[in-house]
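Data first, discussion second: the structure below is written as structure tokens.
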Amino acid sequence: MKNKIYILAIALFMVLVAVSVVAIFKLKSANNGSEILLKLAPVDPRSLIQGDYMALDYELMWEIRYKGDYKFVVVTVDDNRVATFNRLQNDSTQNANELLLRYKRDGNKISLGAEHFFFNADSVDKYQQAEYGLIKVDNQGRCSLVGVCDNEKRLIE
């Protein structure tokens with residue numbers, strides 16, 4: 001019995017260490033990434049099951065939904081940090097003012113990994129004004145959601 005408790009404690013400790021290491025690497029890569037703005041597409045603003053939460057969809061995803069399966073969406077970034085669709089590709093080459101966004105496809109559902117935004121219950125009204133998702137993109141094309149921005153591209157806080 002005592003051995004089982006020790007084994008369970010060691011296994012739990014190893015899981016916690018692994019999760020912490022993954023979180024540290026994700027934060028480090030997100031801090032070194034580029035910030036871009038993706039135009040939000042209309043979507044149901046709240047999930048009653050999960051509480052105060054916005055399911056985000058991006059106009060960019062609508063453009064590529066039926067264009068085949070690739071590894072990267074290549075976007076062009078303007079002076080205001082707004083990203084627009086350029087092309088799809090499998091390799092990691094890019095030109096100046098372009099960024100690669102890695103995405104996953106499950107049938108017709110496409111995910112950048114930045115589609116869920118949770119907020120406090122008393123701030124529903126201000127987040128309904130969101131026009132852009134503020135995305136941090138690391139050098140491997142992985143995306144993290146920083147927040148949402150208004151029509152003047154200011155972060156809503």
- Query: For the side chain of Asn80 and the backbone of Val82, is there at least one donor-acceptor N/O pair under 3.5 Å apart?
  - Reply: no
- Task: Looking only at non-hydrogen atoms, find the nearest pair between Arg87 and Gln94 and report the distance.
- Result: NH2-CA, 4.4 Å
- Reference residue Met14; test side chain to side chain contact (heavy atoms under 4.5 Å, CB included); the match among Ile10, Leu16, Val17: Ile10
- Message: Side-chain heavy atoms nearer than 4.5 Å, only ILVMFWY residues, links allowed to pass through others: does that put Tyr58 and Val77 together?
- Response: yes
- If we ignore angles and hydrogens, is there a donor and acceptor under 3.5 Å between the side chains of Asp91 and Gln89? yes
- Examine the side chains of Thr76 and Asn86 and answer whether a donor and an acceptor come within less than 3.5 Å of each other. yes
- Item | CD-CG distance between Gln129 and Asp150, expressed to the nearest 0.5 angstrom | 9.0 Å
- Query: How far apart are the closest heavy atoms of Leu155 and Gly147, and which atoms are they?
  - Reply: CD1-CA, 3.9 Å
- Can you find a heavy atom in the side chain of Leu101 that is under 4.5 Å from one in the side chain of Val75? yes
- Task: Find out if a path of hydrophobic residues (ILVMFWY) with successive side-chain heavy-atom gaps under 4.5 Å connects Ile110 to Ile36.
- Result: yes
- Message: Could you check whether atom CG of Asp106 has more than 12 heavy atoms from other residues, nucleotides or ligands sitting under 6.0 Å from it?
- Response: no
- Message: Lys39 and salt bridge (charged side-chain N to carboxylate O under 4.0 Å, His left out): which single residue from Glu59, Glu131, Glu63 fits?
- Response: Glu131
- Item | Euclidean distance, Leu8 CG relative to Leu12 CG, rounded to 0.5 Å | 6.5 Å
- Item | From CD1 (Ile135) to CG (Leu99), nearest 0.5 Å | 12.0 Å
- Verify, without hydrogens or angle tests, whether Tyr70 (side chain) and Tyr103 (backbone) share a donor-acceptor contact under 3.5 angstrom. no
- Message: Once rounded to the nearest 0.5 Å, what's the spacing between atom CG of Leu40 and atom CG of Asn151?
- Response: 11.5 Å
- Supply the atom-to-atom distance Thr93 OG1 to Leu100 CG, rounded to the nearest 0.5 angstrom. 7.5 Å
- Short question: side chain of Glu115, backbone of Gly113 - any donor-acceptor pair under 3.5 Å? yes
- Min side-chain heavy-atom separation Leu88-Ile64 under 4.5 Å: yes
- Do the non-hydrogen side-chain atoms of Leu38 and Tyr132 ever get within less than 4.5 Å of each other? no
- Item | Point-to-point distance, once rounded to the nearest 0.5 Å, from OG of Ser111 to NZ of Lys104 | 7.0 Å
- Task: Using modelled atom types only, decide if a donor and an acceptor are shared between the side chain of Asn95 and the backbone of Glu98 within a distance under 3.5 Å.
- Result: no
- Query: With side chains defined as the heavy atoms from C-beta onward, is the minimum distance between Val73 and Leu60 less than 4.5 Å?
  - Reply: yes
- Message: Count I, L, V, M, F, W, Y as connected when their side-chain heavy atoms are under 4.5 Å apart, and connections chain through other members. Are Met61 and Phe72 then in the same cluster?
- Response: no
- Query: With side chains defined as the heavy atoms from C-beta onward, is the minimum distance between Leu134 and Leu145 less than 4.5 Å?
  - Reply: no
- Message: So which atom in Arg105 and which in Lys67 form the shortest heavy-atom distance, rounded to 0.1 Å?
- Response: NH2-N, 4.4 Å
